[in-house]
2 protein chains.
Amino acid sequence: MGIADDAVEVRAQGWRTLAALHGLIEAALERALSAEAKLSVVEYTVLDALSRQDGWHMRMQQLARATALSPSATTRLVNRLEDRGLLTRILCADDRRGIYTELTAQGRGLYEKVRPVHDAALRAVLAEAEEQPELAPVVAALGAGARTTAG
Amino acid sequence: MGIADDAVEVRAQGWRTLAALHGLIEAALERALSAEAKLSVVEYTVLDALSRQDGWHMRMQQLARATALSPSATTRLVNRLEDRGLLTRILCADDRRGIYTELTAQGRGLYEKVRPVHDAALRAVLAEAEEQPELAPVVAALGAGARTTAG
DNA sequence: AGTAGATAGTTGCACATGCAAATACAAAGC
DNA sequence: GCTTTGTATTTGCATGTGCAACTATCTACT
């Protein structure tokens, strides 16, 4: 087996590792959020993204990018959250095709309540992942990435 | 904002980065595999896992772990591939609850045909990801992890 | 031997997702 | 002004997924 073949295998192994870590974290968050507030991970992602806009709106398309979802899935995701009274659609005046979404007071309240649970679960699952030799370097790189970005 | 809050935010940002990278890679592989052989990423994962056993069997449960799927989803995934003639179920003699799966000649052939396409797509998307400053350190860590594992 | 409890896999059902088509609106060209 | 082209969002439809319940088999205990 040559050097080129090695590189291919390294990439494949790296991708499997990434997928495993992603699945581990997502499953842990899913459990925590579902138990605490019947929220899925994407639903929490929406609340999180909207709350980070702090009083500002987000278009459906931005939401689709933030959640890595298709437009149709985004529509239905927003429908679900709107039906639960967690956010509202706001028609945009200057581009009447566009639709903004904004957290309601209830949505913000639920987010504030769930966030510590989410953060604790994330902390726990990352600690767990760091104990697995295969996953540890990737976990470490997540922090390094943030430092790079912030620094 | 205190040090603890910073750590929380670093972890959250790291998780978003990981999810973004995962989504990027999965979408790229999905496109490549679907175009080449109407295979989804999980379906390819099954062929890959089975081929790496090289002539040996895999239980449903092992397959479920390899694909990070539920038992029921694994059943239907195997059904799909069996219907396409890519693998066969083999009843296990010593534990008649257990079911082994094995690639057919056709399945192995398809895998051999698709693998280079998969590898090329993975190589390309990783190169693309490495150009994004936020993703680059994580991509680098994937290789580092493999190096660590391989010793 | 016989029963109780655990384990492997499958099925019914509800639901979230993506793709393609439809609708509504905006922007550009003539 | 009108048409053509492009963009934002929504809906119809098919499909993949998880959970819970079910069947079949194994294991342990008596």
Side-chain angles (χ1 to χ4, degrees), chain A residues 19 22-24 26-35 38-47 50 57-84 86-102, chain B residues 19 22-24 26-35 38-47 50 57-84 86-102:
Chain A
H22 180 270
L24 185 68
E26 186 159 62
L29 295 181
E30 195 81 46
R31 275 192 301 272
L33 293 172
S34 175
K38 301 279 182 240
L39 280 175
S40 71
V41 172
V42 267
E43 286 165 352
Y44 179 84
T45 301
V46 170
L47 300 188
L50 286 177
H57 320 295
M58 249 181 125
R59 291 181 88 106
M60 298 294 288
Q61 226 174 2
Q62 299 176 268
L63 230 42
R65 270 203 323 133
T67 57
L69 242 46
S70 69
S72 62
T74 306
T75 290
R76 283 154 182 148
L77 174 53
V78 168
N79 283 348
R80 290 199 298 275
L81 296 174
E82 193 178 27
D83 289 347
R84 287 175 65 175
L86 302 177
L87 56 78
T88 49
R89 281 179 163 89
I90 299 178
L91 299 174
C92 180
D94 47 305
D95 182 349
R96 292 194 307 202
R97 294 170 302 181
I99 292 182
Y100 290 126
T101 53
E102 204 182 64
Chain B
H22 180 270
L24 185 68
E26 186 158 62
L29 295 181
E30 195 80 46
R31 275 191 302 272
L33 293 172
S34 175
K38 301 277 183 240
L39 279 176
S40 71
V41 173
V42 267
E43 286 166 353
Y44 178 84
T45 301
V46 170
L47 300 188
L50 286 178
H57 321 293
M58 247 180 127
R59 291 182 88 104
M60 298 294 287
Q61 225 173 2
Q62 298 177 268
L63 230 42
R65 270 204 321 132
T67 56
L69 242 46
S70 69
S72 61
T74 307
T75 291
R76 294 189 251 251
L77 173 54
V78 167
N79 284 347
R80 290 199 299 275
L81 296 174
E82 193 178 26
D83 288 347
R84 287 175 64 175
L86 302 177
L87 56 78
T88 49
R89 281 181 164 87
I90 299 177
L91 299 173
C92 178
D94 47 307
D95 182 350
R96 292 192 308 202
R97 295 169 304 180
I99 292 182
Y100 290 125
T101 52
E102 204 181 65

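Protein chains get the first letters and strands the later ones, always in sequence-line order, with residue 1 at the start of each. Side chains included, hydrogens not; waters and symmetry mates left out as well; all remaining heavy atoms used. In this text, all values refer to a predicted model and were calculated from it rather than measured experimentally.
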A.B. asks: For B:R80, answer base if it contacts any base atom (sugar-phosphate contacts may also be present), sugar-phosphate if it contacts only those atoms, and nothing otherwise; contact means non-hydrogen atoms under 4.0 Å.
C.D. replies: sugar-phosphate

A.B. asks: Walk along DNA chain D from 5' to 3' and tell me the first and last nucleotide with an atom closer than 4.0 Å to a non-hydrogen atom of chain B.
C.D. replies: D:dG16 to D:dC26

A.B. asks: List the steps, then state whether side-chain contact (heavy atoms from CB on, under 4.5 Å) holds for B:T67 with B:V46.
C.D. replies: CA-CA 7 Å; B:T67 56; B:V46 170; 3.8 Å; yes

A.B. asks: Identify the 5'-most and 3'-most nucleotides of DNA chain C with at least one atom closer than 4.0 Å to a non-hydrogen atom of chain A.
C.D. replies: C:dA16 to C:dA26

A.B. asks: Hey, does B:M60 have a side-chain heavy atom less than 4.5 Å from the side chain of B:T75?
C.D. replies: yes

A.B. asks: Would you say that B:L63 contacts B:L50 through its side chain, given a criterion of any heavy-atom pair below 4.5 Å between the two side chains?
C.D. replies: yes

A.B. asks: Going by heavy atoms closer than 4.0 Å, what residues in residues 93-100 of chain B are next to DNA chain D?
C.D. replies: B:D95, B:R96, B:R97

A.B. asks: Does NZ or CZ of B:R59 come closer than 6.0 Å to the centre of the six-membered ring of B:Y100, within 45° of the ring's axis?
C.D. replies: yes

A.B. asks: Under the side-chain contact (heavy atoms from CB on, under 4.5 Å) criterion, do A:R84 and A:E43 qualify, and how do the steps go?
C.D. replies: CA-CA 11 Å; A:R84 287 175 65 175; A:E43 286 165 352; 4.2 Å; yes

A.B. asks: Determine whether B:E26 and B:V42 make a side-chain contact, defined as any pair of heavy atoms from C-beta on separated by less than 4.5 Å.
C.D. replies: no

A.B. asks: Could you check B:T75 against A:T74 and say which one's nearest nucleotide on DNA chain C is further toward the 5' end?
C.D. replies: B:T75

A.B. asks: Could you go step by step and tell me if A:I90 and A:I99 meet the side-chain contact (heavy atoms from CB on, under 4.5 Å) rule?
C.D. replies: CA-CA 6 Å; A:I90 299 178; A:I99 292 182; over 6 Å; no

A.B. asks: Taking C-beta and beyond as the side chain, do B:S40 and B:E30 meet within less than 4.5 Å on heavy atoms?
C.D. replies: yes

A.B. asks: Does atom CZ (B:R65) have a neighbourhood of more than 12 heavy atoms from anything else shown, all under 6.0 Å?
C.D. replies: no

A.B. asks: I want to confirm an ordering. Mapping B:P71 and A:E43 to their closest nucleotides on DNA chain C, which one lands closer to the 5' end?
C.D. replies: B:P71

A.B. asks: Take B:V41 and B:T45, measure what side-chain contact (heavy atoms from CB on, under 4.5 Å) needs, and give me the verdict at the end.
C.D. replies: CA-CA 6 Å; B:V41 173; B:T45 301; 4.2 Å; yes

